Each structure stands twice: as C-alpha cells, then as structure tokens.
K.L.:
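If you scroll down you'll find the structure; I have some questions about it.
Throughout, protein chains are lettered first and strands after them, A, B, ... in sequence-line order, and every chain is numbered starting at 1. Computed from a predicted model, the values in this text were never measured in an experiment. Because only heavy atoms are used, hydrogens play no part in the values below, and waters and symmetry mates are left out as well, while side chains stay in.
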Amino acid sequence: MIIRPTSETIIWDTYKKWIQSYRDLPLLINQWANVVRWEMRTRLLLRTAEFLWQEGHTAHATEKEAIEESEKMLDIYAEFAEKWMAMPVLKGVKSPSERFAGAVETYCIEALMQDGKALQAGTSHFLGQNFAKAFDVKFLSKENTLQYVWATSWGVSTRLMGALIMAHSDDKGLVLPPKLAPIQVVIIPIYRKEEQLAEISKVAVKIKDALQAKGISVKFDDRDTYKPGWKFNEYEFKGIPVRLAIGPRDLENGTIEVARRDTLEKETYQITDIENKVEHILEQIQDNLYQKALSFREDNTYVVDSWDEFKDVIENKGGFVLAHWDGTSETEDKIKAETKATIRTIPMDGKSEEGTCVYSGKPSNQRVVFAKAY
RNA sequence: CGGGGUAUAGCGUAGUCCGGUUAGCGCGCCUGCUUUGGGAGCAGGAGGUCGCAGGUUCGAAUCCUGCUACCCCGACCA
C-alpha cells in the first residue's frame, strides 16, 4: 500500500522523469486503483474508506489542448451516465470552494437521487500548470523554449454503483438498465409434472438460444427447488429487466408472458419472433428508465428568486434549486450554514440571465444549481 | 472525536424496567403428503456459549462493573 496526499504527487513525480520534449506530449496515463482515504464518516457505496476508481492524468503542450481534454472526459462520463446508466446528469463547473485543490477548473456531472439529494457522479479537472510548476515538469517546445506542461486529471469510482441503485430502484428492489444488467432476460418455466418441464424446456432453450444469438444475456431458471412465484420476486429483487414465463397454457396457444421490471407490466405475446420483440422491449426499458429519471429531475428542479422560497424548497421539497448567486464564497458559505445546501454546479450550458443574488441581493448574471448533497 | 442507540438460532425479533418452570415468535432449514400462471398448505422435527470478561444472588438474557463490535446523528469529505 502506498500512502500519498493525492494521486498527482506520484503521477507528477514520474511525469517529471518522462517528459522532456514536445515529442513526449500529449501524455495520458489511466489507472484503475483501489484507494484508501481517511473519512470521519463513511457511507455505504458512496463514501467508503476504501474504494475502486479509475483515474486518468494527462500532460499537454498547450492550455487549449488541456482544457479540451478535461471537457472531453467530462462528456465521456456524462455519456456513460446517460446512455448506459440511464441517469441524467447536469454538466458544469464547480464553484471555487468546491474546486479540487490544485485545479484551475473542476468540471463535474451531478445527478439527482430519488430522495431529492444531489450526487456528484464524476469529475474532471483542468489543472493548468499548477502541478507542472510544483513538480518542475518542463518540456522543450518546437521553438526550442522551455515551458511548463498543462495538465488534467479525471475519475469516476464505484460510487457510480450507489448512484445507479439510488437513481432507479423501487420498493420491490433493484432496477437495472438493460445495458448494464449482467442478466438481461430470465426465463421461468411453469409446470406441474416433470414431463411438462421437459416440454417447456425445449421451447425455453430455443428462445434462450435465439436471444443469445442477438447478444442478449439470458438465464433459464429451471430449478425445481423454487416455485414460480418465488422466482418472480427473486428476479424483481435483483433488477433483471425482462422476465419471460412459459407454462402449459402457453404451449397450447403458442404464447409467452413478458414482464418488464421498470413498469412491472405483464403482457402475453405470440411466441413467434419473440427474440426481436424482447430486444425491442429491452431498448424501451433503457429509454424509459432515462426518461423517468429525467422527468423526476424536471419535477424536482425549482427556479427560485427569493430567500424565503429558497429556504422553503431546500427544507421541504429537496431537489435542484436554480438561483442567482453573487459569485462570492462568503455568500456560498452563509447559504450552506443556514440551509445545508451547496452549489452543486455552475451549468456549462446555462443561459446568462441578469438577476440578483438570492441571498445578498447583489447582481448576478447566471443561475447556479443549489442542492443538499451526499 | 462529540451525542444517541443496539447486541438473544442462518436472518428478523419478543422477553430486560420489576431476577424465578424447558428463553417465545416469524422467516429460513429437515422429513412426509398435497401443491406449482405472483414469495404454497398441513403435520411432524432439528437448531440457542442470550456479544465478551468479571461481580451480586439460593437463582441472571434480566441487576452492577469493565471491554468489544455494529448502527444512527453531527463535524470532515467524492
């Protein structure tokens, strides 16, 4: 185990040895590492003393290239959150007080959990030349001048699993987006006698093969030790997106029952072409989960212009609050002290809009996002 | 680190204030029969150092002392 204050120390100590010429740039090192942090208080899946994360560190010849890199990584994280986790995120930059120590700019993606609290799901930093100067990392440019390199760093962690769970789950258990579900479809036979199971299995295995041929992961649960009802609940608990049930009645009618985890709806389909129908349903579930989370966020985002309303929303409703802020950390601190809400992000695509700070009444030209956060 | 709480069968718990049969219940587990399209029913059964170490008492899950572990809230933080 290696103990160091922050990853940058070990990375930049090494980069100093590796970087001499503009020909050595850009440089990107990504690592997956278990890290240990001293935390006064831990929180399951969100803030544990030890966790697995991915961290990338880059070095560039120009400021422009480094900024582009940190923005690109933020986009990649946002795309993963939205397209794969079906979790909408706000992209933006952190206020100076929430900024990573040593960064010139900290970019972040912020998600809203079902309990109305915000969760930072990933960060990307433009480090300027801060670490290059601290670790004396210079390169010789094409023009034969000695210059400090420009840097970025970025990462996401197993915290994303906590985010996934809190974004979609319901009272029946976990809800997994199809694109991330280890098992996307489960097939459950319904039968009385051994002979019936044998008949059903023939059909079930055929469906399983057809689904697998389309790249869909399937489990055929023909265990005789549990009853169908028990299995239904079990797979709902585990968040399997689609459940197929086949019984004697289906064999007679050439049908199959399809149940969706996201809506809990059941529907009986003709078994013909079932693999294409299921594939389509998986896509619908992926899309529906995202839309559901997006609607939830929209329903829980409030545009607020007065301090009383601000306090009321933060205290009684939760969610994101869009309000004007005078840009000072003094105001930010006071708001936090009085309401526990912090500036989660200053949206990148936020429209500029003249207004007055919700706390101090001083002029402001953009709304920022406040929320209570994990 | 401060405040609060909990510890009893694989899991969840009652009993603890006010000491007294064999520590009760639900789920799970085992056996048999009946069941199987939403967590099966009936009958019988197995399973307990009551967190650990001392003490008080004729007698301790219960009272006292010390310890340990875990949970919640706060400060810290992603």
Side-chain angles (χ1 to χ4, degrees), chain A residues 5-7 33-55 74 77 81 89 94-95 97-103 106-111 113 117-125 153-163 166 171-173 186-197 199-200 204 221-238 240 243-253 255-261 264-269 333 336-337 340 342-345 371-374:
Chain A
T6 181
S7 313
N34 263 42
V35 292
V36 173
R37 282 187 182 173
W38 173 252
E39 294 291 356
M40 283 181 165
R41 201 137 102 75
T42 56
R43 199 176 172 107
L44 191 66
L45 289 167
L46 299 183
R47 188 161 50 250
T48 42
E50 180 175 10
F51 59 93
L52 173 65
W53 78 352
Q54 159 276 128
E55 56 174 316
L74 189 76
Y77 290 152
V89 291
K94 284 294 189 190
S95 66
S97 65
E98 296 265 331
R99 193 146 65 202
F100 172 57
T106 288
Y107 301 84
C108 62
I109 50 173
E110 290 282 330
M113 301 295 101
K117 288 173 83 172
L119 183 74
Q120 179 171 308
T123 49
S124 175
H125 312 287
S153 69
W154 23 269
V156 292
S157 75
T158 38
R159 161 176 263 216
L160 287 179
M161 293 197 293
M166 292 197 293
D171 289 346
K172 285 184 174 292
V186 64
I187 304 173
I188 296 171
I190 293 154
Y191 60 94
R192 283 168 196 269
K193 302 168 199 148
E194 284 292 315
E195 307 86 71
Q196 285 179 321
L197 175 60
E199 288 303 306
I200 291 165
D221 187 352
D222 61 351
R223 287 177 299 173
D224 193 34
T225 44
Y226 293 96
K227 295 180 58 188
W230 194 94
K231 294 177 186 174
F232 289 178
N233 285 283
E234 173 78 354
Y235 292 110
E236 276 166 7
F237 192 59
K238 290 181 174 175
I240 310 296
R243 182 187 73 230
L244 303 177
I246 319 174
R249 216 160 60 209
D250 292 306
L251 286 190
E252 271 179 44
N253 304 331
T255 57
I256 188 165
E257 183 186 87
V258 182
R260 292 172 59 147
R261 180 62 183 88
L264 296 168
E265 289 165 350
K266 290 192 289 193
E267 204 166 335
T268 300
Y269 288 86
D333 289 346
K336 185 181 181 182
K340 286 179 183 164
T342 50
I343 297 175
R344 300 321 306 153
T345 190
K372 279 191 198 167
Y374 276 104

K.L.:
If I pick the P atom on B:rA23 and the same atom on B:rA60, what distance separates them, to the nearest angstrom?
P.N.:
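Roughly 13 Å separates the two P atoms.
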
K.L.:
Taking any heavy-atom pair under 4.0 Å as a contact, classify A:L46: base, sugar-phosphate, or nothing.
P.N.:
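Counting heavy atoms under 4.0 Å across all strands, the contact made by A:L46 includes a base.
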
K.L.:
Say you pick atom P in B:rU68 and the same atom in B:rC77; how far apart are they, in whole Å?
P.N.:
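Between the two P atoms, the distance is 29 Å.
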
K.L.:
The criterion is salt bridge (charged side-chain N to carboxylate O under 4.0 Å, His left out); which residues satisfy it with A:R223, sequence neighbours excluded?
P.N.:
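Per chain and number, A:R223 pairs via salt bridge (charged side-chain N to carboxylate O under 4.0 Å, His left out) with A:D221.
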
K.L.:
Which is true for A:T268 with a 4.0 Å heavy-atom rule: it touches a base, it touches only sugar-phosphate, or it touches nothing?
P.N.:
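If one applies the 4.0 Å heavy-atom cut-off, A:T268 turns out to touch nothing in the nucleic acid.
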
K.L.:
Partners of A:R249 by side-chain hydrogen bond (donor to acceptor under 3.5 Å, both in side chains), sequence neighbours excluded?
P.N.:
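None.
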
K.L.:
With rounding to the closest Å, how many angstrom separate the P atoms on B:rG55 and B:rU62?
P.N.:
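Between the two P atoms, the distance is 14 Å.
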
K.L.:
Which part of the nucleic acid does A:K266 contact within heavy-atom distance under 4.0 Å: base, sugar-phosphate only, or nothing?
P.N.:
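Base contact - A:K266 has a heavy atom under 4.0 Å of at least one base atom.
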
K.L.:
Please list, for nucleotides 29-32 of chain B, all pairs of protein and nucleotide N/O atoms separated by less than 3.5 Å.
P.N.:
none

K.L.:
For B:rC17 and B:rC64, measure between their C1' atoms and round to the nearest Å.
P.N.:
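Nearest-Å result for B:rC17 against B:rC64 at atom C1': 15 Å.
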
K.L.:
How far does the P atom of B:rG20 sit from the matching atom of B:rC63, given to the nearest Å?
P.N.:
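Roughly 11 Å separates the two P atoms.
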
K.L.:
When all nucleic acid strands are considered with a 4.0 Å heavy-atom cut-off, which category describes A:E39: base, sugar-phosphate, or nothing?
P.N.:
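It contacts base atoms.
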
K.L.:
Return the polar atom pairs (N/O with N/O) between nucleotides 71-75 of chain B and the protein under 3.5 Å, or none.
P.N.:
| unit_1 | atom_1 | unit_2 | atom_2 | d |
| --- | --- | --- | --- | --- |
| B:rC73 | OP2 | A:R41 | NH1 | 3.1 |
| B:rC73 | OP2 | A:R41 | NH2 | 3.1 |
| B:rG74 | OP2 | A:R41 | NH2 | 3.1 |
| B:rG74 | N7 | A:R41 | NE | 3.4 |

K.L.:
If we take the C1' atom in both B:rU49 and B:rA9, what is their distance in whole Å?
P.N.:
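Result for the C1' pair: 12 Å, nearest Å.
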
K.L.:
Check RNA chain B for consecutive Watson-Crick or G-U pairs with both distances under 3.5 Å and list the runs of at least three as stems.
P.N.:
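So the stems come out as B:1-7 with B:68-74, B:10-13 with B:24-27, B:29-34 with B:40-45, B:51-55 with B:63-67.
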
K.L.:
Of all the choices, B:rA78, B:rG39, B:rG38, which nucleotide is nearest to the side chain of A:E234 once you look at every atom?
P.N.:
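Ranking B:rA78, B:rG39, B:rG38 by closest atom to the A:E234 side chain puts B:rG39 first.
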
K.L.:
Can you pull out every salt bridge (charged side-chain N to carboxylate O under 4.0 Å, His left out) where at least one residue sits in residues 43-54 of chain A? Sequence neighbours excluded, please.
P.N.:
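Those involving residues 43-54 of chain A do not exist here.
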
K.L.:
Can you check the distance between B:rG4 and B:rU8, where both ends of the measurement are the P atom (answer in whole Å)?
P.N.:
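Each nucleotide's P atom is 22 Å from the other's.
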
K.L.:
May I ask you to evaluate whether A:K227 reaches the phosphate of B:rG39, defined as a side-chain N or O under 4.0 Å from OP1 or OP2?
P.N.:
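For B:rG39, OP1/OP2 do not have a side-chain N/O of A:K227 under 4.0 Å.
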
K.L.:
Given B:rG37, B:rA78, B:rG38, identify the nucleotide with an atom nearest to the side chain of A:R47.
P.N.:
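Out of B:rG37, B:rA78, B:rG38, the nucleotide with an atom closest to A:R47's side chain is B:rA78.
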
K.L.:
Looking at A:R261, A:R260, A:R243, which one forms a salt bridge (Lys or Arg N to Asp or Glu O under 4.0 Å) with A:E236?
P.N.:
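Testing each of A:R261, A:R260, A:R243 against A:E236, the sole residue satisfying salt bridge (Lys or Arg N to Asp or Glu O under 4.0 Å) is A:R243.
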
